[in-house]
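Working notes, beginning with the structure itself.
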Amino acid sequence: MFIPNLLSTESGSESIVRARIVIVEDEPDLRDAVAEYLGASGYDVATAESASAARTLLETQSFHLAILDIAMPGEDGLSLGRWLRSKMPIGIIYATAAGTALDRIVGLELGADDYIVKPYELREVLARVRSVLRRVPQPTEPRSAKAEVTANRRYMSFGPFHADLDGRFVTGTNGTVIDMAKSEFDVLEVFLTRANRLLTRAAISEAIGFVEDPESSRAVDIRIMRLRKKIEADPANPKFLRTVRGEGYIFSLPTGESN
C-alpha cells in the first residue's frame with residue numbers, strides 16, 4: 001500500500017503539490033549531492049542507498065519521479081524500475097555509466113522517461129527532472145474527491161480506443177484501461193494531436209522534449225514499437241501508426257474520428 005506524503009500549498013480550487021523525488025544511488029557522495037541540489041531547487045527529495053531500501057521507503061511514501069542508478073549491488077535499477085511501474089504511476093530517469101548503450105536501450109524498453117550518463121553535472125540532472133515532470137501529470141490534490149470534467153476537456157477516439165488527453169489514459173473495449181507508460185502516452189498524444197500528418201523522428205523528439213540525436217531517434221522507435229503492441233491488432237501490419245520508409249511516421253485517423 002502506498003500512502004501519499006505530499007507537501008502542498010493552496011492555489012485556486014486545488015492544492016499545488018511540490019513534486020516528490022526519490023533518488024536511489026549506492027554512491028553516498030553523489031546521492032547526497034543530487035538530493036541537496038534538487039532540494040535547493042524546490043523539490044521534496046528522499047534518498048535510498050539500494051533497491052531494498054527504496055522498496056521499504058515506498059511502503060509508506062509515494063513519489064512523482066524516481067532517479068535510479070542501474071548498476072547497484074544486489075537488485076539493479078532496471079529491476080526496481082520495472083517493479084515501480086507495476087505499482088504506481090511515476091516518472092523514471094535511469095542513471096547509467098558512460099558507454100553502456102545496452103543498459104540505456106533496455107531501460108527505454110522498460111518504460112523509462114529519460115536517462116542520464118554518469119558522470120553528470122547537477123545542472124543536467126535538474127534539466128532532465130524538469131523535462132520529465134513537464135510530461136507527467138501535474139501533482140495536485142483536489143479539495144473535493146468528486147471528479148469534475150471541464151467543458152474543454154480533450155478526448156479523442158480511434159478504432160475501439162478512447163483517449164483522455166487531460167487525464168492521460170486510454171480505454172479500450174468495454175472501457176478497459178490500457179496499461180501504458182507515461183513515455184508511451186507522450187508519443188500517442190503527439191500523434192493524436194497531429195493525426196494524418198507525416199512526422200519525422202526529429203519532430204517527434206522535439207514534441208516530447210528530447211534533443212534530436214541518434215539515441216533520441218532510437219528512443220522514439222522503441223516507444224512506437226511498444227505503443228503498437230498495445231493499440232494495433234497486428235503490430236507488424238499497423239492500421240493506425242504506420243511507418244513511411246525513410247521519412248518517419250504517420251497516425252492514420254479517419255475523418256470524423258476525433259473528440
Side-chain angles (χ1 to χ4, degrees), residues 63-68 77-94 103-115 128-129 131-139 154-173 175-195 197 199-212 215-243 248-253 259:
F63 296 89
H64 305 101
L65 175 67
I67 302 175
L68 309 179
L78 294 174
S79 174
L80 178 62
R82 186 166 53 246
W83 177 79
L84 277 171
R85 282 287 191 219
S86 72
K87 294 296 182 181
M88 64 171 66
I90 187 171
I92 294 179
I93 298 175
Y94 283 119
D103 283 344
R104 295 198 293 273
I105 291 171
V106 171
L108 291 168
E109 290 175 341
L110 291 176
D113 294 284
D114 207 343
Y115 64 87
R128 293 185 180 274
V129 163
S131 176
V132 171
L133 287 175
R134 280 196 298 268
R135 304 199 301 268
V136 301
Q138 292 299 307
R154 300 174 301 153
Y155 296 96
M156 296 193 73
S157 299
F158 56 102
F161 301 100
H162 302 278
D164 183 335
L165 299 184
D166 295 312
R168 293 182 63 82
F169 66 89
V170 178
T171 56
T173 306
T176 304
V177 176
I178 307 301
D179 182 20
M180 190 171 293
K182 293 179 180 68
S183 56
E184 296 162 11
F185 193 93
D186 289 341
V187 173
L188 177 62
E189 182 175 11
V190 169
F191 282 115
L192 286 177
T193 54
R194 299 164 178 81
R197 290 167 52 186
L199 298 178
T200 63
R201 289 177 177 82
I204 299 167
S205 294
E206 182 180 358
I208 61 178
F210 283 169
V211 175
E212 173 61 11
E215 289 289 351
S216 293
S217 293
R218 175 62 173 157
V220 167
D221 291 339
I222 289 172
R223 282 162 168 76
I224 288 174
M225 177 185 66
R226 293 202 314 259
L227 189 57
R228 279 175 172 159
K229 291 179 179 179
K230 298 180 179 182
I231 66 172
E232 300 285 2
D234 181 2
N237 297 285
K239 171 186 175 183
F240 301 113
L241 216 173
R242 298 187 295 107
T243 300
Y249 298 94
I250 187 168
F251 196 93
S252 297
L253 190 65
N259 53 335

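Here the structure is a predicted model, which means the values were calculated and not measured.
For the atom pair Leu241 CG and Leu188 CG, the distance stands at 8.0 Å (nearest 0.5 Å). Atom CG of Leu68 and atom CZ of Arg82 lie 12.0 Å apart (nearest 0.5 Å). To the nearest 0.5 angstrom, Ile92 atom CD1 is 7.5 Å from Leu80 atom CG. A distance of 8.0 Å separates CG in Asp166 from CD in Glu189, rounded to the nearest 0.5 Å. Once rounded to the nearest 0.5 Å, the distance linking CD1 of Ile250 with CG of Leu199 reads 8.0 Å. We find the CG-CZ distance between Asp234 and Arg228 to be 10.5 Å, quoted to the nearest 0.5 Å.
The two residues Glu184 and Asp179 come nearest to each other via the heavy atoms OE1-O, 4.4 Å. For Val190 against Ala207, the heavy-atom pair with the smallest separation is CG2-CB, 3.7 Å. Residues Arg223 and Asp113 share a closest heavy-atom pair of NH2-O, 3.4 Å. Leu165 approaches Leu192 most closely through the heavy-atom pair CD2-CD1, 4.0 Å. In terms of heavy atoms, Arg242 sits closest to Ser252 at NE-OG, 2.9 Å. Nearest heavy atom pair, residue Ala66 against residue Leu84, reads CB-CD1, 4.0 Å.
Using a 4.5 Å heavy-atom cutoff, the side chains of Met180 and Leu227 are in contact. Counting heavy atoms from C-beta outward, Thr243 and Ile224 have side chains that stay 4.5 Å or more apart. Inter-residue side-chain proximity for Val170 and Lys230 is flagged as unmet; no heavy-atom pair is nearer than 4.5 Å. A heavy-atom distance below 4.5 Å is not found between the side chains of Ile231 and Ile178.
Between the side chain of Glu232 and the main chain of Phe240, a donor-acceptor pair closer than 3.5 Å is present. A side-chain donor-acceptor contact under 3.5 Å links Ser205 to the backbone of Arg201.
Ring to ring, Phe158 and Phe251 are close: their centroids are under 6.0 angstrom apart.
Comment: Asp186 engages Arg168 in a salt bridge, judged by a side-chain N to carboxylate O separation of less than 4.0 angstrom.
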